[in-house]
Engineer: 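Following this message is one structure expressed as structure tokens.
What you see below is based on every heavy atom in this structure, not just the backbone, and it leaves out hydrogens, waters and symmetry mates. When a ligand or atom number is given, it counts from 1 through the structure's own listing order. We number each residue from 1, following the sequence as shown.
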Amino acid sequence: MTNLTKEKAEKKVKALRKKIREHEYKYFVLDDPSISDAEFDQLMQKLIKLEEEFPELVTEDSPTQRVGGEVLDEFEKVEHSAAMLSLDNAFDAGDLRDFDQRVRKNLSGEDYQYVVEHKIDGLSAVMRYRDGSFELGATRGNGEVGEDITQNMKTIRSLPLKIEEQAEMELRGEIYLAKSEFQRLNEERLENEEAPFANPRNAAAGSVRQLDSKIAAQRSLSILIYDLISHSTREFETHLEVFSYLKELGFKVNWHQAAADIEAVIEICEHWQEERESLDFEIDGLVIKINNLSLREKLGSTARSPRWAIAYKFPAQQKTTQIKDIEISLGRTGALTPTAILEPVELAGSTVSRATLHNEDEIKRKDIRIGDTVLVQKAGDIIPEVVKVIKEERDGSEKEFKMPDQCPVCGGEVIRPEGEAVTRCTNISCPAQRKESILHFVSRDAMNIDGVGPALIEQLLENNLIEDYADLYFLKQSHLKDLDRMGEKSSQNVIEAVEASKDREFFRVLYALGIRHVGIGAARILAANFNSIEELQQASAEELEAIDEIGPVIAESIFGFFKERHNRDLLSRLKQAGIRLQKKESESTKFLEGLKFVFTGSLNNYSRSEVKDLVEKAGGRAVSSVSSKTDYLVTGDNPGSKYDKARELGIEILTEEEFKELIEEKNSSEN
Ligand code: AMP
Ligand code: ZN
């Protein structure tokens with residue numbers, strides 16, 4: 001509570017809103033923030049608190065309204081004050097010149113200029129402002145009647161909810177999703193096992209039509225304003241004037257450039273056709289409009305589109321073609337990536353003959369078969385991809401694709417771990433991943449072999465001196481001496497470093513093997529539970545999964561690793577070379593490794609952060625609530641309900657004294 005009077009609070013709220021609006025403007029409209037995100041959040045939190053304390057001060061145009069509100073049953077219908085028309089299209093310079101001829105004729109000698117704008121590939125929207133507040137936002141719908149998406153539009157941070165203009169006015173603009181935001185969103189969706197959106201436009205459309213504006217708020221939509229339809233108190237002569245007026249009011253206006261004649265327009269179009277990829281949003285062309293507003297009126301519209309504007313459309317980036325075959329290519333990490341071999345097509349200025357199919361699921365989801373006619377798309381430097389199958393073109397001769405069960409490069413075993421989309425070659429010595437796995441093997445946390453870096457590894461592979469990391473142990477100085485930058489001394493050093501690594505701790509060896517998903521942490525846990533590589537190799541999946549920190553993904557990966565013939569061969573050569581593949585007697589893994597502790601009540605000897613430290617240093621974990629996975633509950637004075645719960649679950653309970661003994665005893669035996 002702030003103990004403010006309502007009058008004081010109101011003043012504060014107003015000042016805060018003003019400040020927040022200024023920063024929103026700087027951040028979202030100008031792309032030039034002057035405070036950090038954290039500072040901005042603080043201002044917002046302050047405002048939220050005050051509005052919670054004084055709900056009567058909440059207004060519709062408060063910045064707090066951007067987080068989304070109640071869930072709607074359906075969108076209300078909105079009749080447009082003026083029909084939202086389409087635009088005529090031009091596909092080349094000839095079409096543009098024809099358009100100019102028509103304009104010239106219709107204006108019978110009057111002087112005119114053009115304004116060229118980006119044609120943003122999003123969704124058009126209208127906005128109404130009244131008395132300085134954003135009042136209504138609607139979709140285009142069928143052009144006559146759209147849908148009320150006011151709540152969702154309020155979440156668009158670059159759209160001012162309040163402006164310094166008391167008039168009634170109506171604007172138009174394009175809602176879109178930035179490419180970067182689209183990518184983030186799709187990554188998130190893949191993680192949550194939701195189908196990714198096909199393109200930013202679809203993603204934006206899906207977000208705009210969310211009945212729950214809280215979801216829309218999480219999607220970070222943007223808007224660019226490109227037109228003023230009506231204004232109750234002002235008149236404007238030109239489109240350029242309108243733009244500078246709107247900009248002044250704090251709107252994020254669409255990019256625009258004046259052009260004296262159609263040849264200048266053509267130049268601008270050609271420029272953006274080349275440069276479109278430099279923008280963080282998708283444009284599918286440019287819109288060319290007459291600058292003078294009274295001339296627009298004179299030109300008027302057909303039923304379908306205005307005569308004073310035209311859309312210049314970039315050449316298609318999508319075309320249909322046929323899939324001749326599906327090949328597997330292998331990535332550096334051993335991922336098997338299916339690639340469609342296409343009947344070559346011209347797409348956006350280049351010939352396309354391959355398209356990535358990503359992975360098995362993607363092929364299933366799109367039901368892609370060999371022989372299918374498909375729509376392919378290429379967007380800038382992105383690898384061409386298959387958008388969809390044209391199923392009507394099927395004649396029954398199409399063949400379903402099956403992922404091979406052997407690596408096409410080395411013939412090794414491939415696995416697709418549960419819950420993962422990617423199929424991988426499990427053979428660590430597979431040529432596709434040799435260098436990576438050797439680099440990992442020699443890295444600091446693994447075998448820490450000094451002097452064996454990327455350049456040397458490359459040379460060794462190229463000269464066929466090694467094929468995998470086990471071969472490092474069979475190198476002789478005579479092999480090395482003649483390599484680049486490898487004199488007597490440095491070759492000697494390499495041999496010694498390799499030799500010294502033979503006695504690394506067991507968990508580091510486990511880590512060095514490069515078993516997928518076995519990071520240094522998992523390797524420690526494995527070493528705490530198994531004394532040798534043989535023990536680990538003989539462990540069943542159930543035994544592995546019974547270890548708290550080892551989930552099914554890691555278990556399966558370990559299993560797959562040992563199953564692979566090449567890997568077993570690799571291990572036996574490591575053994576032959578004299579690498580220690582077991583724990584030393586004295587090799588204490590941390591003694592609380594893998595154990596979970598919960599503390600309750602007040603402790604006399606330690607603070608909470610001290611006990612947490614002690615437990616973690618010993619490899620255990622201090623967690624906050626008791627569950628069946630808890631190993632020990634440590635009780636101080638006046639223990640809470642955790643005590644009852646632990647007893648119920650039969651969890652071992654230690655007094656503070658017993659905990660102290662445990663820690664001290666172990667520490668002394670280790671030193
Ligand atoms: P079309 O749907 O191809 O006939 O083109 C008309 C649509 O282009 C409009 O409904 C808007 O959604 C969109 N558009 C994108 N950028 C602009 C712009 N700068 N000016 C006018 N319309 C635009
Ligand atoms: Zn392979």
Side-chain angles (χ1 to χ4, degrees), residues 80 82-91 114-127 138-144 146 171-176 200-201 204-205 208 222-229 239 242-243 246 252-257 268-269 272 276 279 281-291 296 301-306 308-314 328-337 404-415 423-437 467-468 514 516 560-561 564-567 570:
H80 295 308
M84 293 182 81
L85 301 176
S86 278
L87 292 169
D88 248 357
N89 290 326
F91 296 100
Y114 291 112
V115 177
V116 185
E117 300 172 27
H118 287 151
K119 185 169 192 298
I120 301 136
D121 196 10
L123 302 116
S124 51
V126 291
M127 290 135 277
T139 62
R140 170 177 169 172
N142 63 9
E144 306 283 338
L171 311 169
R172 284 184 191 167
E174 195 84 353
I175 301 178
Y176 66 95
R201 207 196 106 84
V208 160
S222 305
I223 191 166
L224 283 163
I225 307 297
Y226 57 71
D227 238 332
L228 176 68
I229 299 305
H239 193 45
V242 168
F243 267 133
L246 292 177
K252 190 164 186 169
V253 298
N254 198 13
W255 175 90
H256 57 279
Q257 188 176 339
I268 297 171
C269 290
W272 281 108
R276 58 190 292 195
L279 301 167
F281 49 86
E282 299 212 328
I283 59 175
D284 56 353
L286 294 141
V287 183
I288 294 103
K289 300 174 182 171
I290 295 282
N291 184 29
R296 284 189 185 181
S301 304
T302 67
R304 209 189 85 86
S305 53
W308 47 265
I310 194 161
Y312 171 75
K313 290 276 185 75
F314 293 142
I328 298 290
S329 57
L330 218 67
R332 264 195 329 166
T333 57
L336 275 63
T337 307
D405 41 24
Q406 282 188 329
C407 171
V409 175
C410 71
E413 189 110 22
V414 299
I415 60 162
T423 307
R424 280 174 212 279
C425 170
T426 53
N427 174 12
I428 291 284
S429 321
C430 176
Q433 30 180 346
R434 259 178 214 164
K435 188 182 157 198
E436 295 302 312
S437 75
E467 281 194 353
D468 53 41
R516 239 188 120 63
F561 180 86
E564 218 306 307
R565 187 169 53 80
H566 300 83
N567 296 340
L570 191 68

Engineer: Any idea which heavy atoms bring I120 and L224 closest together, and the distance?
Structural biologist: CD1-CD1, 3.7 Å
Engineer: Take the Zn ion (ligand 2) and tell me which protein N, O or S atoms are nearer than 2.8 Å.
Structural biologist: C407 SG, C410 SG, C425 SG, C430 SG
Engineer: As an exercise, state the distance from CG of N567 to SG of C430, rounded to the nearest 0.5 Å.
Structural biologist: 10.5 Å
Engineer: Just say parallel, tilted or perpendicular for the rings of H118 and F281, cut-offs at 30° and 60°.
Structural biologist: perpendicular
Engineer: Does Q433 reach the side chain of L330, with side-chain heavy atoms less than 4.5 Å apart?
Structural biologist: no
Engineer: Counting distance only, does the side-chain N/O of S124 pair as donor-acceptor with the main-chain N or O of R140 below 3.5 Å?
Structural biologist: no
Engineer: Salt bridge check, E117 against K289: does any charged N sit closer than 4.0 Å to a carboxylate O?
Structural biologist: yes
Engineer: Are the side chain of R172 and the backbone of V126 linked by a donor-acceptor contact shorter than 3.5 Å?
Structural biologist: no
Engineer: Looking at S86, is its backbone amide N or carbonyl O close enough to the side chain of R304 to form a donor-acceptor pair, meaning the two atoms are under 3.5 Å apart?
Structural biologist: no
Engineer: Can you work out which protein residues put a heavy atom within less than 4.0 Å of ligand 1?
Structural biologist: S86, L87, E117, H118, K119, I120, S124, R140, E174, Y226, N254, V287, K289, K313
Engineer: Main chain of I428, side chain of D468: is a donor-acceptor contact present, judged purely on distance under 3.5 Å?
Structural biologist: no
